[in-house]
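Let me begin by presenting the structure, written as structure tokens, before commenting on it.
Predicted model, so just to flag it, every value in this text is computed and none were measured. Throughout, protein chains are lettered first and strands after them, A, B, ... in sequence-line order, and every chain is numbered starting at 1.
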Amino acid sequence: MAAPLVWRCIYGSYAPENLSRKRMEARNAAQAPEVSSKLRKKRSGKATQTHERTCLVRGVKPNSLTLLRALKAFADRGSMDDALYVFEKMNRSETYIWNVVIRGLFSSGLFQEAIEFYYKMENEGVRSDNFTFPFVIKACSELLCLVEGQKIHAKLIKKGLDLDVYICNFLIEFYAELGLIELAEKVFKGMDVKDMVSWNSMVSGYQAVGDGLSSLICFREMLDMRKKPDKFSMISSLSACSMEDFLRSGKEIHCQAIRSGLELEIMVQTSLVDMYGKCGEVNYADRVFSRIFSRNIVAWNAMIGAYSLNAHHLESLSCLKRMQEEDNLIPDNVTMINLLPSCSQLEALLIGKSIHGYTIRRNHVPHIVLETALVDLYGKCGVLKLAECVFGQMHEKNLVSWNAMISAYVQNGRNGEALDLFQDLWHVHHKPDAVTIAGILPAYADLALICECKQVHAYIVKSELVPNTFISNSIMYTYAKCGDLQSARKIFDHMIYKDVVSWNTIMMSYAIHGFGATSIQFFSEMKEKGLEPNRSTFVSLLSSCSISGLVDEGWEFFSSMKTQHGIDPGIEHFGCMLDLLGRTRNLDAARHFVEEIHVVPTARIWGSLLAASRKSNDVVLAELAAREIFSLEHDNTGCYVLLANMHAEAGRWENVKRIKYVMEKNGISKTIGCSTVEISGKRHRFINQDKSHTQKNTIYDVLDIVLREDRYVHSLNKFRPEDLIKRRAKSPETHSAKLAICFGLISTEVGNPVIVRKNTRICENCHNSGKKISQFTKREIILRDSKMFHHFRDGSCSCRDYW
DNA sequence: ATAGGGTTAG
């Protein structure tokens, strides 16, 4: 290892312990295999022997051509200890030899040392020239050290070297590398003479900071100046096109490439494949790719990426075989990284696992990107254990890795773990980005964590993620799912750019709250604005109709899907229509509908039928539907409970017993029903007959007052002494929902709605009470059960008593 | 004597 000797040469006994953290990082980076393959090649060129260089300098005149050649040779091949040994024997007043050493140090990855060597040069009064600075500046950009670079920049101005084309080009790159594109621009604009490198650096600089538009504008300007783009300009500008989804500009550049003959450059061809892939034109990508004369691994990888990105997953996987057979190429890390999303999408766990095995056998791991893709794969395939395993064993994690793991938890319904991980994220000093937020929000929505949702919303505003439509849509739906339809609406109204998803989301928000008519209004408004509805739009729309019982409208929209919008109804739409049929209590029609649709019914379809049969008390149909559901997902707790309740209501106790036995056998326990209400960030939880709350006396007093009338009517109609004893124990009068509502009433201000969350379906008794309490107290009560929202207002519910 | 390179996870 050269470094310590270099240090001795420069600083005598100066110990490397004094190295700053940054310097150490830079040095480690220089030694890391992925960074320094070029360097290693240089270093391991020839083993240097001490006596060789000793012989070399003995009796040779300082700065003779021999020494100069030796210095340059050592520096060029990265033998910096040898180079410095020679340097020490030379006359140090000459600028040239310093420049050689600085360049050598830089090429060996000794960036900090290169900079310090320059300062040593200044201190010794040696004149620096235009050849000195490029690599000093580049060292600063490698170390991402702004202050140092700006000091050098200031010196350049003083020395009058700041107009040198080479130096300016390096400065542009330096500022672009640090993301300070405005400063790069300033240097660029101040140049008297610009060469191709200047223009290309600017085009690629804009592209590197994610500003594809400016990159293309700069490219255009360059054309206007009658500069002929070279392959580097092409590569950067094509990348800018894919970034902004500018297919047209991409095609224009493609034409220029053909005209200038650059189309035959493999790198340009690869960039074209990539551009077409990212702009959604996989067929063009395919065409360019098939015309590449000698395809290398990068080109194959780009093609695989294009297939994968455009959901041509089978094609992307088949490339794995093709690249080996047709071109005799060995897949690398990038190949695997591009293939894994296809495996995730296809839920091809087995292929994914063999890729994982392959990468281990070929020593491709640890690799942060690869491992993150694996976390994603295992998450999407539902094997959380493996996702956790890969994530846990990662040597190094970045925000993307964390995001993948958080999403994996959320996608598998493990909201608690997702929230814990989200908390941990802050402790390892990662700041959540748009993807983190989009990943975690469904967990908040699911758990109805309104307070956390507000916190995240505040964070979004603070971190200026607001104009991001994607995030706004997500937070809008979270508010809606947390029961706060008002806030959801506010976000929708304030969105500058609303896409189809925004409209679908607001429609669905109103639908789950039972306001189907409003949802339909949004649909017409959306069409007026000229937006074309998609499949999901119709899910929102048909759900609205079924939830609000708008039967005729539902059928009309259903048929217009195909006739007016050319969308073939899918299973998700059939489900909505089945719900609609269930509402009309026309079970025969519903049964026929299931037979007519030419798809294999899913658990969701049978669930709709089950719900419909419950409403009509058709136990036979219910049993049929339930059996189908159990064959698909044997652990559907809600389904067992519903069936048992139906039998209980019909008085068939032997069936109730049978179901309970099956549940026990399958290890399924009834979910304990609980209701929660959130008061200033604290969640208060109630179970049936709960007496554990600190304010239990007040709560029960309130319950007594608001339900007095209810109980009176109840007892007149159905008074049977033997029931009374039974009821005492399991009285619906003290169900968790009622307790939560009462606590909500006394803990919130008049004028605000009481928001209650229940983990299981609300029972009929509580539903009736909800309506009555809303009338009696003149308060709005919003209750979310396992299916939907109930807005109780003035004695009626938004669900119109169907849920 | 001075230089830049395409494919990479959610």
Any Lys72(A) side-chain nitrogen or oxygen under 4.0 Å from OP1 or OP2 of dT2(B):
no
Phosphate contact (dG4(B) OP1 or OP2) by Lys138(A) side-chain N/O below 4.0 Å
yes
Side-chain donor/acceptor of [X] to base of [N], under 3.5 Å:
X         : N      : value
Asn398(A) : dA9(B) : yes
Ser271(A) : dG6(B) : no
Asn99(A)  : dA1(B) : yes

Could you check which of [options] has an atom nearest any side-chain atom of [X]?
X         : options                : value
Asp195(A) : dG6(B), dA3(B), dT2(B) : dA3(B)
Thr270(A) : dA9(B), dA3(B), dG6(B) : dG6(B)
Asp129(A) : dG6(B), dA9(B), dA1(B) : dA1(B)
Pro341(A) : dT2(B), dT7(B), dA9(B) : dA9(B)
Asn130(A) : dG6(B), dT8(B), dT2(B) : dT2(B)
Val197(A) : dT8(B), dG6(B), dA3(B) : dA3(B)

Answer yes if the ring centres of [X] and [Y] are under 6.0 angstrom apart, and no otherwise.
X         : Y         : answer
Trp98(A)  : Phe135(A) : no
Phe133(A) : Tyr118(A) : yes
Phe422(A) : Trp402(A) : no

Rounded to the Å, how far apart are [X] [atom1] and [N] [atom2]?
X         : N      : atom1 : atom2 : answer
Phe135(A) : dT2(B) : CZ    : C1'   : 6 Å
Leu399(A) : dA9(B) : CG    : P     : 14 Å
Asp230(A) : dG6(B) : CG    : P     : 13 Å
Met202(A) : dA3(B) : CE    : P     : 21 Å
Ile167(A) : dG4(B) : CD1   : C1'   : 17 Å
Leu264(A) : dG6(B) : CG    : P     : 20 Å
Met243(A) : dT8(B) : CE    : P     : 11 Å
Phe391(A) : dA9(B) : CZ    : C1'   : 13 Å

Look at all strands and tell whether [X] reaches a base, only sugar-phosphate, or nothing, counting heavy atoms closer than 4.0 Å.
X         : answer
Lys397(A) : nothing
Asn200(A) : base
Asn338(A) : sugar-phosphate

Centroid under 5.5 Å and tilt under 30°, Phe170(A) to dA3(B):
no
Kindly state whether the pair Tyr166(A) / dT2(B) counts as stacked, where counting means centroids closer than 5.5 Å and planes tilted less than 30° apart.
yes
Sort and list the pairs that fulfil ring pair (Phe, Tyr, Trp, His ring centres under 6.0 Å) and have at least one residue in residues 325-376 of chain A, not counting sequence neighbours.
His356(A)-Tyr378(A)
Salt bridge between Glu281(A) and Lys251(A), side-chain N to carboxylate O under 4.0 Å?
no
Do we see a donor-acceptor contact under 3.5 Å between the side chains of Ser401(A) and Asn398(A)?
yes
